[in-house]
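See below for the structure under consideration.
The basis for the numbers below is simple: all heavy atoms, side chains too, and nothing from hydrogens, waters or symmetry mates. None of the values given here were measured: they were computed from a predicted structure. The chains referred to below are lettered A, B, ... by the order of the sequence lines, with proteins before strands, and numbering in each begins at 1.
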Amino acid sequence: MFGDDKVPERLLAALRDADKGRILVPPEVDATILARAKVNLARGRKHIVIPWVAAAAALVIAAFVMFTPTPKAREDVNRDGRVDIRDALLLARKISSGETLGSIWDLNHDGRVDHNDAAVIAAQAVKLTKGGAS
Amino acid sequence: MNETGAPDSRSDEALIAAVNHGDTAAFETLYYRYRDWVVHMAFRFTGDRDAALDVLQETFLYFSKKFPGFRLTAKLTTFLYPAVRNYSIAARRKNERFVSEDAVSDMPAASAAQEGLTEVLAHLPAEQREVLLLRFVDGMSMEEIAAVVRIPAGTVKSRLHYALKALREDPTTKMLFEP
């Protein structure tokens, strides 16, 4: 007696025989299927390449923005990346010490480097408007 | 073996990895490796040569759209079978034909028992015949059948049980069970 998972060889052979219809696939069908499949494969690769290219471009731009040094403001005397009252004080100190300063520090363009130039930085640091608020 | 006759001994996994890297020749190798199996299964479902060829095309186009990024987690036939089955069912509906009358009755019968078997198979519910052939002709395990047909293993067992019961009880096929 056989269970459901084991059947006589005779039945197996008969089942295989009943199922043996073979279809020959014409070469033109092969060619058509493979040509269309290759189009799909190429399209799939294009889809995967575009996001990579976009991501790479975004990375390059981000790196450029992050690592390209921004031009420092002349007023940033101590080169700490911002213009604040410390820059005004530092320039004032340099002027007071009699240090020879280049025309780059002539911030108010009056032909001289003096405390008025330090005042320009101070005004910028506290964002005072001309004729300023009290 | 590919169409040019050059053997390609690479495993399915290796070929799939190659296709994922843009190697279309590897896809061609997979096509020729599984083409006859796919068309045979499609014919089993549809009973129609032209419909089987259509299913062959649909199945491999569906497969090609899975790349790049396709990952083989089981046998390739386990992946392909549900596609063949679904496309076959769609083709059969489209052609308004019934596999029970067509697919099996077209097959040659060598003896009275064989003829009886063909007849009994033709009248078995399609889902029972499917499980019976997957188990004893394709040699799939119960678990594999459950996976490809997407039914619980218990349902596979019960369909197989009723299919064999029908064969055992039919006067024209019961002699096939005699040792």
Side-chain angles (χ1 to χ4, degrees), chain A residues 1-70, chain B residues 3 19 21-24 27-28 31-32 35-36 39-40 42-44 47 49 52-53 56-57 59-69 103-104 106-111 113-114 116-118 121 132-133 135-138 141-142 157 160-161 163-165 167-168 173 175-179:
Chain A
M1 195 64 191
F2 293 97
D4 284 348
D5 203 31
K6 198 175 176 203
V7 295
E9 266 307 314
R10 206 174 161 192
L11 175 63
L12 283 180
L15 281 170
R16 287 185 192 125
D17 227 37
D19 188 57
K20 74 179 175 189
R22 177 173 160 77
I23 293 181
L24 293 174
V25 180
E28 58 270 22
V29 171
D30 291 332
T32 304
I33 293 173
L34 287 171
R36 292 188 60 191
K38 283 173 186 175
V39 169
N40 286 343
L41 293 172
R43 196 176 291 156
R45 286 204 69 74
K46 200 185 288 178
H47 285 160
I48 204 161
V49 165
I50 288 170
W52 276 108
V53 168
L59 268 177
V60 168
I61 291 167
F64 183 79
V65 168
M66 285 173 68
F67 298 112
T68 300
T70 51
Chain B
E3 186 63 356
V19 182
H21 285 93
D23 180 354
T24 54
F27 185 87
E28 199 168 323
Y31 171 79
Y32 286 112
R35 176 193 65 182
D36 292 343
V39 83
H40 181 77
F43 183 70
R44 187 187 282 176
R49 178 184 173 279
L53 291 177
L56 172 70
Q57 170 159 300
T59 302
F60 276 98
L61 293 184
Y62 164 77
F63 183 35
S64 67
K65 286 178 186 165
K66 296 288 174 187
F67 293 94
V104 186
D106 285 348
M107 295 167 185
S111 64
Q114 190 67 50
L117 177 65
T118 303
L121 285 176
L132 182 76
L133 295 178
R135 178 70 194 97
F136 296 119
V137 176
D138 302 314
S141 68
M142 299 286 192
K157 284 180 188 168
L160 191 60
H161 172 79
L164 289 172
K165 185 168 182 278
L167 293 179
R168 261 193 213 102
T173 50
M175 74 271 285
L176 293 170
F177 286 84
E178 290 163 7

So among B/L160, B/L176, B/L164, which one has a side-chain contact (heavy atoms from CB on, under 4.5 Å) with A/V7? B/L164
Name the option with the most non-hydrogen atom pairs under 4.5 Å to chain A; the candidates are B/Y31, B/F27, B/F63. B/Y31
Starting at CG of B/L132, measure out to CG of A/L11 and round the result to the nearest 0.5 Å. 7.0 Å
If one checks every heavy atom of B/L133 against chain A at 4.5 Å, the contacting part turns out to be side chain
Considering only heavy atoms, which portion of B/F67 lies under 4.5 Å from any heavy atom of chain A: side chain, backbone, both, or neither? both
Heavy-atom nearest pair, A/R10 first then B/M175, reads NH1-O, 2.9 Å
Does any heavy atom of chain A fall under 4.5 Å from the side chain of B/L56, the backbone, both, or neither of them? both
Check B/L61 against A/A37 and note the closest heavy-atom contact, atom names and distance. CD2-N, 3.6 Å
Need one label for A/L34: side chain, backbone, both or neither, based on atoms under 4.5 Å from any heavy atom in chain B. side chain
Point-to-point distance, once rounded to the nearest 0.5 Å, from CZ of B/F136 to CZ of A/R16: 10.0 Å
To the closest 0.5 Å, what do you measure between CD1 (A/I33) and CD (B/E28)? 11.5 Å
Under a 4.5 Å cutoff for heavy-atom pairs, which residue among A/T32, A/L24, A/V25 has the most contacts with chain B? A/V25
